[in-house]
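Report on the following structure.
Per chain, numbering begins at 1; letters A, B, ... match sequence-line order.
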Protein chains: 2
Amino acid sequence: MRVTTVPDPEDLTARARIRDAALWHFGEYGFERATIRGIAETAGVSLGLVRHHFGSKQALREACDAHLIKVIRRMHEQVASAPHGVPNPVAVMGPYQRYLGRALTEGWAAPLFDDMVGIGERWLAEADKSRPEPPTVDARARSTLIAAMALSVAVLEPHVSRGLGVDVRSPEGEATLLRAILDIYSHPLMSPEDAAAIRAAIDRGQATRAGG
Amino acid sequence: MRVTTVPDPEDLTARARIRDAALWHFGEYGFERATIRGIAETAGVSLGLVRHHFGSKQALREACDAHLIKVIRRMHEQVASAPHGVPNPVAVMGPYQRYLGRALTEGWAAPLFDDMVGIGERWLAEADKSRPEPPTVDARARSTLIAAMALSVAVLEPHVSRGLGVDVRSPEGEATLLRAILDIYSHPLMSPEDAAAIRAAIDRGQATRAGG
DNA sequence: GTGGGGGCTATACGTGGGTATAGTAAGCTC
DNA sequence: GAGCTTACTATACCCACGTATAGCCCCCAC
């Protein structure tokens, strides 16, 4: 299965070119540092046309958000219909990865995050059936954490690429990333006994607060 | 064990007040939206004094970075000397969490990320000894991913709090978060067989690219 | 053709906010 | 007390960039 990003019918219009340029500039430079002039130049249009189509910088960003949500929802549908997909939260985002990362950290894109939580929740409910002992935490909470963990690669992409020693947006990087994820996902980081011990400590109100 | 954030001796000076105000403003509003005037006001000093002490907005940010690195390195030392700490990457960051999140996504704070990778790498090297089959991926790559996953809570804090239904920076939220993390860390998300199957697919160059 | 509407450009306006300068007051040294 | 350094303020500068306005060109309807 290969998920493709089908271009919208409207994608050849100047309006769409502006939107794509904005997606790129916002992702690359962030909302504040990106300038309408720069976006207009990339799109090959005049400054005024951007305003003509979108009204304001803020509205332009919202149009970008809406577009991203549309595209990613389409991906999600494809993923949902293919039960054995591999979680690879970076590569498929393609040109949207940087924008998505910023959108998430700026607090926009909440619907997307919640979508992922919902998908993961249903997946977990299924997986829990074949689990020996019942989970001590509800599926929604676990799904939230798993979503955050999955998105961390998109959000922290430069650091991950640096750590892996290869650009995760390249084919080799993609493979390296996937291998590492597979290994981690298939091996618990902690024994159930250790986890139970710490859980007991929390209940006694003695949980350590050391971060790592 | 309770890791405390010891205040610097210099913390009572106007310079330190400015730095702390900047840390807060940058974390709360982001680098661009934060204004030197606002920082000066919060610190209770004049606009000019900020420039006098730090030279430029950029330099002020770098001073914040340096300070954050100092503080977090101190935490890391304490963690390293306490072998059985619980990974709780949010609570302990306290007032620095929002700044750290932004710093990481902006691509600054690389030394911090790399510190964490190093710590995790040594921890993994130890843990690998008691692992039945040898890992298929080197410790550095796995540690990178684990660091990213751990930091995802700090970076995506608003979304995580929303998903858990409780502010993770509150005591209850902290406990909820910790329980969820414990459950996930102590249970593999995927069977070794599934992982092996997908690994084989990668080797054949057929890896699915579906994100989720 | 003529009118009008939408895609598009050129140009101007206003201002927020980073930067720069000038100056004051207090302490320190000799 | 003269001269310096340092902590600090008040004020001015200036320009990048979001916003606003005026108008052109082309196509279509009638």
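With rounding to whole Å, B:E32 atom CD is found 12 Å from C:dG17 atom P. Atom-to-atom, CD1 of A:I18 to P of C:dG7 comes out at 11 Å; the value is rounded to the nearest Å. If you take NZ of B:K57 and C1' of C:dG16, they are 11 Å apart, rounded to a whole angstrom. Distance CD (A:E41) to P (D:dG18): 14 Å, rounded to an integer number of Å. Atom pair A:I36:CD1 and D:dT19:C1' shows a separation of 8 Å (rounding to whole Å applied). Distance OH (A:Y29) to P (D:dC17): 12 Å, rounded to an integer number of Å. When the P atom of D:dG18 is taken as reference, atom CZ of A:R33 falls 13 Å away, rounded to whole Å. The NE2-P distance, from A:H25 to D:dC17, rounds to 12 Å in whole Å.
Judged by a 6.0 Å distance limit and a 45° cone about the ring axis, B:R98 is not positioned over the six-membered ring of B:Y29.
Nearest to the side-chain atoms of B:L49 among the listed nucleotides C:dG18, C:dT9, D:dA7 stands D:dA7. Considering only the side chain of A:T35, D:dC17 comes nearest among D:dC8, D:dC17, C:dT9.
Note on B:A59: nothing from the nucleic acid sits closer than 4.0 angstrom, heavy atoms only. Contacts of B:A40 with the nucleic acid, taken as non-hydrogen atoms under 4.0 Å apart, are absent.
Ionic pairing of B:R199 and A:D183 is not present here: no N-O contact between side-chain nitrogen and carboxylate oxygen is shorter than 4.0 angstrom. Ion pairing between a basic and an acidic side chain is recognised when a charged N comes within 4.0 Å of a carboxylate O; A:D138 and B:R179 show no such pairing.
No hydrogens or angles considered: a donor-acceptor pair under 3.5 Å links the side chains of A:E157 and A:S161. Judged purely by distance below 3.5 Å, without hydrogens or angles, the side chains of A:D194 and B:Y185 never pair a donor atom with an acceptor atom.
Contact check, B:H53 against D:dC8: a side-chain N or O comes under 4.0 Å of OP1 or OP2. One finds no side-chain N or O of A:H52 lying less than 4.0 angstrom from the OP1 or OP2 phosphate oxygen of C:dC8.
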For the pair B:F31 and B:R102, evaluate side-chain contact (heavy atoms from CB on, under 4.5 Å) and give the outcome as yes or no after the intermediate values. CA-CA 9 Å; B:F31 180 69; B:R102 289 199 192 264; over 6 Å; no

What protein N or O atoms touch nucleotides 20-23 of chain C N or O atoms at under 3.5 angstrom, if any, and at what distances?
residue : atom : partner : partner atom : Å
C:dA20  : OP2  : B:R51   : NH1          : 2.9
C:dA20  : OP2  : B:R51   : NH2          : 2.6

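Checked by distance alone, B:R37 brings no side-chain donor or acceptor within 3.5 Å of a matching partner on the base of C:dG16.
In this structure the side chain of A:I146 never reaches within 4.5 angstrom of the side chain of A:V117, judged on heavy atoms.
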